[in-house]
Amino acid sequence: MTYYYEEMRRLLFDHYDLHRRDLPWRSDRNAYKTWVSEVMLQQTRVHTVIPYFCRFIQQFPTISALAHASEDNVLKAWEGLGYYSRATNLQNGARYIVSEHQGIFPFRKEDILKIPGVGPYIAAAILSMAFGKPEPSIDGNLIRVISRLHALSGLSSSSKTQKQIAVIASKMISEKRPGDFNEAVMDLGATICTPKSPSCETCPLESLCIAAHEGCPELYPGNKKTASLQRYAFTICPILYGNTVYVKKRAASGLLAGLYEFLMIPGHYDKEDLITSIKPEFVLNDASILSIEALPDSEHRFSHLIWDMKGYLIRLVYDNDLGPKPLSEKNTKGLFVPAEEMKSLPFPTAIRVYRDAVLASARDLF
DNA sequence: TGTCCACGTCT
DNA sequence: AAGACGTGGAC
């Protein structure tokens, strides 16, 4: 049995040493860069992460730099990457390391696991890659590879299968090259042992793989059911006063936490009844509406719901000369900022089309 | 078009 | 412990 895993590691490393992907976080490695890259790589593909990682490390080169940055700047660097609580957790983690560990990344497993946003997977990745500890990082790739090698038929979400996989992973991990082992499995899962139509003919582990010999590796691991997504209707109302636009920061938790948005009214409205529908939510005070311009309809699909959006660009004039101050939204506070300033604020991809329309429209004023 | 990836972490 | 949490690309 021991020989079986030795043989597996030899085959894996022979292939890895020839075909290893050259990725930005694999050169000049340290715990901080490993941490940042692994957080970005959660639920996100390598191709997407590369430019974000390079910019992020340039902007926040050290734990201390990240800890002392403003939250908006960190979210701005994350804009478009999704799962925004990863960004705030990362910064909270940096602040935690500064206060609890003098800014030095801890090397003990129990200390690493206390860092906000760091769970078993990222802890194992950092321990193995940055500190040379034999901890298997159990991610979707390793689960898929192991499920296929041993033709594990159970659903990968079941606790029994999870325990099986953890036991096998601890036997598979290389004591001598634990970080390379984890990276080799990730490369294998991303390029060869893919979820659909895997390339078994080029796989270094093909000779050991039961699923490949059965001829249907794509059946593993067992699939989970998919729920149908609920749709939510919104009317997106960017409000322009001169070249300033009304924006507000979303709540600190929940969907798109901490990002900026325009006035969003639940439901869909025609141009005609937009005013009356805004009234209950928005106090215009001394302002009058100069014009309402329809913006394109759009749809945005999240992991668990869909936004169905209509949009209107609303231009205001004021009856006095005091400017936009009197305008206030009930219960929440937003602010008017110069339209160009939106470029430095984090916006969700969902409403990017409306932000761009506002920018184009504000530019037309000059 | 719609489905899947996407076990990762937090609540 | 089950559901929340984005996005983009492959097919």
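Keep in mind that what you see is a predicted model, and the values were worked out from it rather than measured. Here is how names work: the chains are called A, B, and so on, in the same order as the sequence lines, proteins then strands, and each is numbered from 1.
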Rounded distance in Å between the P positions of B:dT9 and C:dG8:
23 Å
Closest to the 5' end of DNA chain B, once A:K196 and A:G119 are matched to their nearest nucleotides, is A:K196
Taking atom CZ as the centre, does A:R108 end up with more than 12 heavy-atom neighbours from other residues, nucleotides or ligands that are less than 6.0 angstrom away?
no
Per nearest nucleotide of DNA chain C, the residue lying toward the 5' end, A:L255 or A:S197, is A:L255
In whole angstroms, the gap separating P of B:dC7 from CD of A:E38 amounts to 16 Å
By the Watson-Crick or G-U definition, both distances under 3.5 Å, B:dA6 is matched with none
Quick one: label A:L142 by what it contacts on the DNA or RNA (base, sugar-phosphate, nothing), any heavy atom closer than 4.0 Å.
nothing
To the nearest angstrom, the CG-P distance between A:N182 and B:dG8 comes to 13 Å
- State whether A:K249 and A:D72 are salt-bridged, where the test is any N-O pair (Lys NZ or Arg NE/NH1/NH2 against Asp/Glu carboxylate O) under 4.0 Å. yes
Separation of C:dC11 atom P from A:R45 atom CZ, nearest Å, is 10 Å
message: Please determine whether a side-chain nitrogen or oxygen atom of A:R86 lies at a distance below 4.0 Å from atom OP1 or OP2 of B:dA6.
response: no
Regarding the side chain of A:T44, the nearest nucleotide among B:dG8, B:dC7, C:dG6 is C:dG6
Measure distances between side-chain N and O atoms of A:Q162 and base N and O atoms of B:dC7, and say whether any donor-acceptor pair falls under 3.5 Å.
-> yes
*Taking only side-chain nitrogens and oxygens of A:R144, does any of them come within less than 4.0 Å of OP1 or OP2 of B:dC7?*
no
- prompt: Do side-chain atoms of A:R86 reach the backbone of A:L81 as a donor and acceptor pair under 3.5 angstrom?
  reply: yes
In this structure, CG of A:L208 is separated from CG of A:L12 (nearest 0.5 Å) by 10.5 Å
To the nearest angstrom, the CD1-C1' distance between A:I122 and B:dG8 comes to 7 Å
Is the shortest side-chain N/O distance from A:Y84 to OP1 or OP2 of C:dT7 below 4.0 Å? yes
For A:T48, which contact category applies under a 4.0 Å heavy-atom criterion: base, sugar-phosphate, or nothing?
nothing
Here the distance between atom C1' of B:dC10 and atom OH of A:Y83, to the nearest Å, is 12 Å
**Q.** Donor/acceptor link under 3.5 angstrom from A:Y121 side chain onto base of B:dG8
**A.** no
### Message
Does C:dT7 have OP1 or OP2 under 4.0 Å away from a side-chain N or O of A:T349?
### Response
yes
Whole-Å distance, A:R250 CZ to C:dG6 P, equals 9 Å
In whole angstroms, the gap separating P of C:dG6 from CD1 of A:I306 amounts to 15 Å
> Should A:Y83 and A:I122 be regarded as members of a common hydrophobic cluster, given that ILVMFWY residues are connected when their side-chain heavy atoms come within less than 4.5 Å of each other, either directly or indirectly?
Replying inline: no
Testing C:dC5, C:dT7, B:dT9 for proximity to the side chain of A:F302, the answer is C:dT7
Rounded to whole Å, the CD-C1' distance (A:Q43 to B:dG8) equals 5 Å
Counting any heavy atom closer than 4.0 Å, what does A:V118 reach on the DNA or RNA strands: base, sugar-phosphate only, or nothing?
sugar-phosphate
The Watson-Crick or G-U wobble partner of C:dT7, with both key distances under 3.5 Å, is none
Taking the side chain as every heavy atom from C-beta outward, state whether A:F347 and A:E79 have any atom pair closer than 4.5 Å.
yes
Does A:H304 make a side-chain N or O approach to OP1 or OP2 of C:dA4 shorter than 4.0 Å?
no
